[in-house]
2 protein chains.
Amino acid sequence: MKNLTKSRSEFAELLGRTAQAFGLTPSVGQIYGLLYLSAEPLSLDEIAESLDLSKASASIGTRQLESLHAVQVSSKNADRRDYWEARLEPQEVLQKMMSTVLAPRLANAHDRLEGLLERMEAEKNSGELSNSAFTVCQQRIQQLITKTNQFKTWLPLIERFVK
Amino acid sequence: MKNLTKSRSEFAELLGRTAQAFGLTPSVGQIYGLLYLSAEPLSLDEIAESLDLSKASASIGTRQLESLHAVQVSSKNADRRDYWEARLEPQEVLQKMMSTVLAPRLANAHDRLEGLLERMEAEKNSGELSNSAFTVCQQRIQQLITKTNQFKTWLPLIERFVK
DNA sequence: AGTGGGGTTTAGAAAATTCTGAACGTAGTC
DNA sequence: GACTACGTTCAGAATTTTCTAAACCCCACT
C-alpha cells in the first residue's frame with residue numbers, strides 16, 4: 001500500500017478482516033477503511049493506488065459499498081472523475097446491512113424450512129422416512145420455524161438498539 | 001450423501017450455508033444439521049458416511065461444535081465409539097457464539113484501535129502525518145472506539161433477547 | 001507385549017473465493 | 001468525428017479456504 005502511513009494501512013487491513021466476518025470481501029472493507037480516515041473524497045484511481053488494488057476491484061468495491069449505503073459518490077465540477085467518501089455512521093451502515101442482507105436471508109430460510117416440512121411429509125407417505133423419524137424431524141423443524149419468526153419480530157428492535 | 005432422505009440432506013446443506021454466514025465451515029453446519037434431525041446420537045463414522053465427508057472433517061467438525069456448545073458427546077457402554085447429539089436449543093448456541101466468538105473479537109478490535117491511535121500520534125510527531133490529517137483520524141477512530149464500547153454494553157442485553 | 005478399533009493430526013489436494021488485466025462502452029473535448 | 005479519460009465487465013489467474021488421505025497415537029482386550 002503506497003501513499004499511506006503505516007497505521008492508516010493497518011486500519012484498512014483491520015477493516016478488511018472485519019468485512020470478511022460480515023461476508024464481504026476484504027477489499028471492500030479496506031476501501032471503507034481508507035475512506036473512513038480520509039479528510040477528502042477520493043477518486044477511483046487514488047483508492048486503487050493507495051490500497052494497491054486494481055481499478056476493477058476498486059470499482060466493484062465502491063459500488064457495493066454504495067449499495068450498502070456505506071459510502072457516497074459525488075463529483076467535483078470540471079472533473080469527470082467520481083469522488084468517493086465514507087458515510088461516517090457505522091451504526092447506520094450496520095443497520096442497513098441488517099435490513100438489506102439479514103432480513104431477506106431470514107425470510108428465505110423461513111420459506112425453505114416450510115418447503116422442507118412439506119417434502120418430508122411426502123417422504124413419510126412414500127415410506128422413505130419412518131413415521132417415528134418424521135415425527136422427530138417435524139417437531140424440530142417446527143421449533144426452528146417458530147424461532148425464526150420470533151427473531152424476525154425482534155430484528156427491528158435490535159436495529160434501533162444498535163443505532 | 002448416502003443414507004439420508006432428500007430433504008434431510010437438503011436441511012444439512014441449508015445449515016452448511018448458514019454456518020458459512022457465521023464464519024464457520026460448511027461441513028460444521030452440515031454436521032449440526034444432520035444431528036439436529038437425528039432421533040439418536042450418531043458415531044463419527046455414521047456422520048462421515050451420511051454426509052459423505054472424511055472422518056477427519058467429521059472429527060474436526062464435531063469438536064468445534066462441541067466447543068461452541070452446539071453438540072454433546074456421550075458413549076454407549078460396551079462400545080468405545082463416541083456418540084454425538086445436537087443440543088436442540090439454537091438460541092443457546094447463538095448466545096454462546098456471541099459470548100465466545102463475538103465478544104473476544106470486539107475486545108480485540110478495541111485494543112487494536114487504541115494501539116493505532118497511539119501509533120498515529122507518533123506518526124504525527126515524526127511528521128509522516130500532517131496535523132490536520134491526524135486530527136481527522138483521531139476524531140473518527142475515537143468515535144469508533146466509543147461505539148464499540150457501547151456495543152459491548154449492549155451485547156449481554158441482546159443475548160437475553162435472542163434467548 | 002501384540003493387535004485391532006477407535007479418534008486425531010497434518011501435509012498437501014481440491015474447491016471456492018477474490019482479484020486482475022485487458023477489452024469495452026461512453027461521454028466530453030478538440 | 002477522432003481522441004482521450006474515465007468507469008465497467010468478464011474470463012481466467014492467484015490466493016485463500018476447506019477437505020482429505022495417510023500416518024499416527026492411544027487404549028482396551030487378548
For residues 103-110 of chain A, which side-chain donor-acceptor pairs fall under 3.5 Å, sequence neighbours excluded?
| from | atom 1 | to | atom 2 | distance (Å) |
| --- | --- | --- | --- | --- |
| A/His110 | NE2 | A/Asn149 | OD1 | 3.3 |

For this session: With sequence neighbours left out, write down each residue that passes salt bridge (charged side-chain N to carboxylate O under 4.0 Å, His left out) with A/Arg17, or none if nothing qualifies.
Result: none
Exercise. What residues, two or more places apart in sequence or in another chain, satisfy salt bridge (charged side-chain N to carboxylate O under 4.0 Å, His left out) together with A/Arg81?
Worked result: A/Asp79
Take atom [atom1] of [X] and atom [atom2] of [N], then tell me their distance rounded to the nearest Å.
| X | N | atom1 | atom2 | value |
| --- | --- | --- | --- | --- |
| B/Gln64 | C/dG7 | CD | P | 18 Å |
| A/Leu53 | C/dG21 | CG | P | 11 Å |
| B/Ile31 | D/dC19 | CD1 | C1' | 11 Å |
| B/Leu51 | D/dC19 | CG | P | 11 Å |

Exercise. For residues 126-138 of chain A, which residue pairs qualify under salt bridge (Lys or Arg N to Asp or Glu O under 4.0 Å), counting only residues two or more places apart or in two chains?
Worked result: none
Without placing hydrogens or testing angles, list every side-chain donor-acceptor pair under 3.5 Å for residues 32-44 of chain A, not counting sequence neighbours.
| from | atom 1 | to | atom 2 | distance (Å) |
| --- | --- | --- | --- | --- |
| A/Tyr32 | OH | A/Arg87 | O | 2.6 |
| A/Tyr36 | OH | B/Arg140 | O | 3.1 |
| A/Tyr36 | OH | B/Gln143 | OE1 | 3.3 |
| A/Ser38 | OG | A/Glu40 | O | 2.6 |
| A/Ser43 | OG | A/Glu46 | N | 3.2 |
| A/Ser43 | OG | A/Glu46 | OE1 | 3.4 |

Exercise. Does the side chain of B/Gln64 come within less than 4.5 Å of B/Leu24's, by heavy atoms?
Worked result: yes
For this session: Tell me whether the OP1 or OP2 atom of D/dC19 has a side-chain N or O from B/Ser27 closer than 4.0 Å.
Result: yes
Could you write out each protein N or O paired with an N or O of nucleotides 6-16 of chain D at a distance under 3.5 Å?
| from | atom 1 | to | atom 2 | distance (Å) |
| --- | --- | --- | --- | --- |
| D/dC6 | OP1 | A/Arg81 | NE | 3.1 |
| D/dC6 | OP1 | A/Arg81 | NH2 | 3.4 |
| D/dG7 | OP1 | A/Asp82 | N | 3.2 |
| D/dG7 | N7 | A/Lys55 | NZ | 3.3 |
| D/dT8 | OP1 | A/Arg63 | NE | 2.4 |
| D/dT8 | OP1 | A/Arg63 | NH2 | 2.6 |
| D/dT8 | OP2 | A/Ser59 | OG | 2.6 |
| D/dT8 | OP2 | A/Arg63 | NE | 3.4 |

